J.: 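If you scroll down you'll find the structure; I have some questions about it.
Everything numeric here is computed off the predicted structure, so don't read it as measured data.
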Amino acid sequence: MKEGTLSMSTRKGSATKEDLQNFKEEIVHQFHIISEDVISQVKQVTEGVANVNEKLDRTREELKAEIDNKIQPVAQAVVSLSEQLDKTRQDLKAEIQETRQEVLAAVKFSYAELDKRITTLEKEFLELKHRVEKIENRSIS
């Protein structure tokens with residue numbers, strides 16, 4: 001439109017101030033149209049990024065909830081196993097202590113019995129020794 005005017009003027013000679021002003025206004029007008037389009041596209045990209053962020057946040061929360069739901073039973077199982085292990089440990093400790101006491105009592109009893117038998121054997125040995133000495137003394141004389 002106005003470019004044609006500028007083109008004609010430049011063909012004839014030099015451009016007038018009015019032609020230059022019209023050309024400038026046309027460039028500014030085109031710039032506004034282009035900049036509005038760019039701004040519109042930037043707004044669309046911004047909205048898209050915001051939507052993606054919202055979806056990402058929702059997905060993150062859903063994953064966190066799902067992980068928590070799966071971890072909770074495992075954690076409970078671990079606590080339960082830990083409690084069972086503690087109980088088993090205490091039971092074994094008590095059983096070991098009881099067995100230890102029984103073994104100590106048996107050892108003491110065995111020691112006392114052995115001591116009694118050794119004492120008896122020593123007495124019998126001494127008696128036999130005396131008898132042998134008497135017999136030997138009789139045969140010598």
J.: To the nearest 0.5 angstrom, please state how far the NZ atom of K129 sits from the CD atom of E122.
T.: 12.0 Å

J.: Donor-acceptor check, side chain of S35 to backbone of H32, threshold 3.5 angstrom: yes or no?
T.: yes

J.: Are any non-hydrogen side-chain atoms of I96 and K93 less than 4.5 angstrom apart?
T.: no

J.: Once rounded to the nearest 0.5 Å, what's the spacing between atom CD of Q97 and atom CD of E102?
T.: 11.0 Å

J.: So, K123 and E127, do they make that salt bridge, N to O below 4.0 Å?
T.: no

J.: Check whether any side-chain heavy atom of Q84 lies under 4.5 Å from a side-chain heavy atom of L81, and answer yes or no.
T.: yes

J.: How long is the straight-line distance from NZ of K43 back to CD of E47, given to the nearest 0.5 Å?
T.: 8.5 Å

J.: Main chain of A106, side chain of S110: is a donor-acceptor contact present, judged purely on distance under 3.5 Å?
T.: yes

J.: Any side-chain to backbone donor/acceptor pair from S40 onto E36? Under 3.5 Å, distance only.
T.: no

J.: Around atom CD of Q21, are there more than 12 heavy atoms from other residues, nucleotides or ligands closer than 6.0 Å?
T.: yes

J.: Determine, step by step, whether D57 and R60 satisfy the salt bridge (Lys or Arg N to Asp or Glu O under 4.0 Å) criterion, reporting the C-alpha distance in whole Å, the side-chain angles of both residues, the deciding distance to 0.1 Å, and the verdict.
T.: CA-CA 5 Å; D57 288 342; R60 184 180 296 130; 3.1 Å; yes

J.: What is the distance from atom NZ of K17 to atom CG of D19, rounded to the nearest 0.5 Å?
T.: 12.5 Å

J.: Within the 3.5 Å criterion, strictly below it, is a donor on D37 or Q41 matched to an acceptor on the partner's side chain?
T.: yes

J.: Can you check side chain to side chain contact (heavy atoms under 4.5 Å, CB included) on E83 and D86, steps first, answer last?
T.: CA-CA 5 Å; E83 289 171 355; D86 285 344; 5.7 Å; no

J.: So do the side chains of E124 and L121 get within less than 4.5 Å of each other, counting heavy atoms only?
T.: yes

J.: Under a single-linkage definition using a 4.5 Å side-chain heavy-atom cutoff for Ile, Leu, Val, Met, Phe, Trp and Tyr, are V42 and I34 assigned to the same hydrophobic cluster?
T.: yes

J.: More than 12 non-hydrogen atoms from neighbouring residues, nucleotides or ligands closer than 6.0 Å to CD on E133, yes or no?
T.: yes

J.: How long is the span from the CG atom in D115 to the CD atom in E113, to the nearest 0.5 Å?
T.: 10.0 Å

